[in-house]
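Below, each value reflects all heavy atoms present in this structure, side chains not excepted, and no hydrogens, waters or symmetry copies. Each chain gets a letter, A, B and so on, in the order its sequence line appears, and its residues count up from 1.
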Amino acid sequence: AQTVTQSQPEMSVQEAETVTLSCTYDTSENNYYLFWYKQPPSRQMILVIRQEAYKQQNATENRFSVNFQKAAKSFSLKISDSQLGDTAMYFCAFSNYGQNFVFGPGTRLSVLP
Amino acid sequence: GAGVSQSPSNKVTEKGKDVELRCDPISGHTALYWYRQSLGQGLEFLIYFQGNSAPDKSGLPSDRFSAERTGGSVSTLTIQRTQQEDSAVYLCASSFGSSYNSPLHFGNGTRLTVT
């Protein structure tokens, strides 16, 4: 069974600074997808970024980028130029071709003014 | 187009009563998932539908929980004889299914409070 671990329950960052959230996972599969989701206080889960395991190039979406290390089974999220609106719970998720999505326990990020 | 719709958004019920939670996925999405999220916690997988069938029911916590999906669209999650530990936010999500690189699209959830 796949597992996803996020070792940082809470983090904080000053506005405009950069922060990195950690995620590791365990799987015996070779092909899979990884995602970061954001859940602000409104409770709506929003997709931030996704990565296909067969792609070596790290995904980027504006201020959000990932550091995908397949051999180490690591998938960290970097947020550059942090904004107050980035304050949220961030969940790392693993998908075995959509048959199931396994989520990590989440990291609560606070962006401080 | 419309996103994933869940109703009701909030539900307060007395212990021992049955409740039904509804999820209306995005049109064309064949896969549908139910998760439970306790206050400040992560997402606990409950059940997954591909079309109308449920290949994975492994997450349902007890036989008081059941779910169905009809017409490859709307799904209902039923909790019988509710207990206080059932209090949580129940999230529904849909996607294009296992054949595609399709992320989950979530509804806003139903907050269930059992008194």
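Clustering ILVMFWY residues whenever any of their side-chain heavy atoms sit less than 4.5 angstrom apart, transitively, puts A/Phe64 in the very cluster that holds A/Phe94. Hydrophobic clustering of Ile, Leu, Val, Met, Phe, Trp and Tyr side chains at less than 4.5 Å, counting indirect connections, keeps B/Leu112 apart from B/Tyr33. Linking ILVMFWY side-chain heavy atoms closer than 4.5 Å, directly or via other members, places A/Val102 and B/Leu46 in two distinct hydrophobic clusters. With hydrophobic clusters built from ILVMFWY side chains whose heavy atoms lie under 4.5 angstrom apart, B/Ile47 does not share a cluster with B/Tyr35.
At most 12 heavy atoms of other shown residues, nucleotides or ligands fall within 6.0 angstrom of atom NZ in A/Lys78. Within a 6.0 Å sphere centred on CD of B/Glu85, other residues, nucleotides and ligands contribute more than 12 heavy atoms. More than 12 heavy atoms of other residues, nucleotides or ligands shown are found within 6.0 angstrom of CG on A/Leu84.
Using a 4.5 Å cut-off between heavy atoms, B/Gln37 contacts chain A through its side chain alone, with no backbone atom that close. Residue contact with chain B, scored on non-hydrogen atoms closer than 4.5 Å, involves the side chain of A/Gln39 exclusively.
Taking CG from B/Leu43 and CE from A/Met45, the interatomic distance works out to 4.5 Å, rounded to the nearest 0.5 Å. Here the CZ-CG distance, from A/Phe103 to B/Leu91, works out to 9.0 Å after rounding to the nearest 0.5 Å. Separating the CZ atom in A/Phe101 from the OG atom in B/Ser102 is a distance of 6.5 Å, to the nearest 0.5 Å.
Residue A/Arg43 comes nearest to B/Asn10 through the heavy atom pair NH1-OD1, 4.4 Å, listed as atom of the first residue, atom of the second, then distance. The heavy-atom pair separating B/Gly42 from A/Phe91 by the smallest distance is CA-CE2, 3.6 Å.
For A/Tyr37 and B/Phe106, the distance between ring centers is under 6.0 angstrom.
By number of non-hydrogen pairs under 4.5 angstrom with chain B, the leading residue of A/Arg108, A/Met89, A/Gln44 is A/Gln44.
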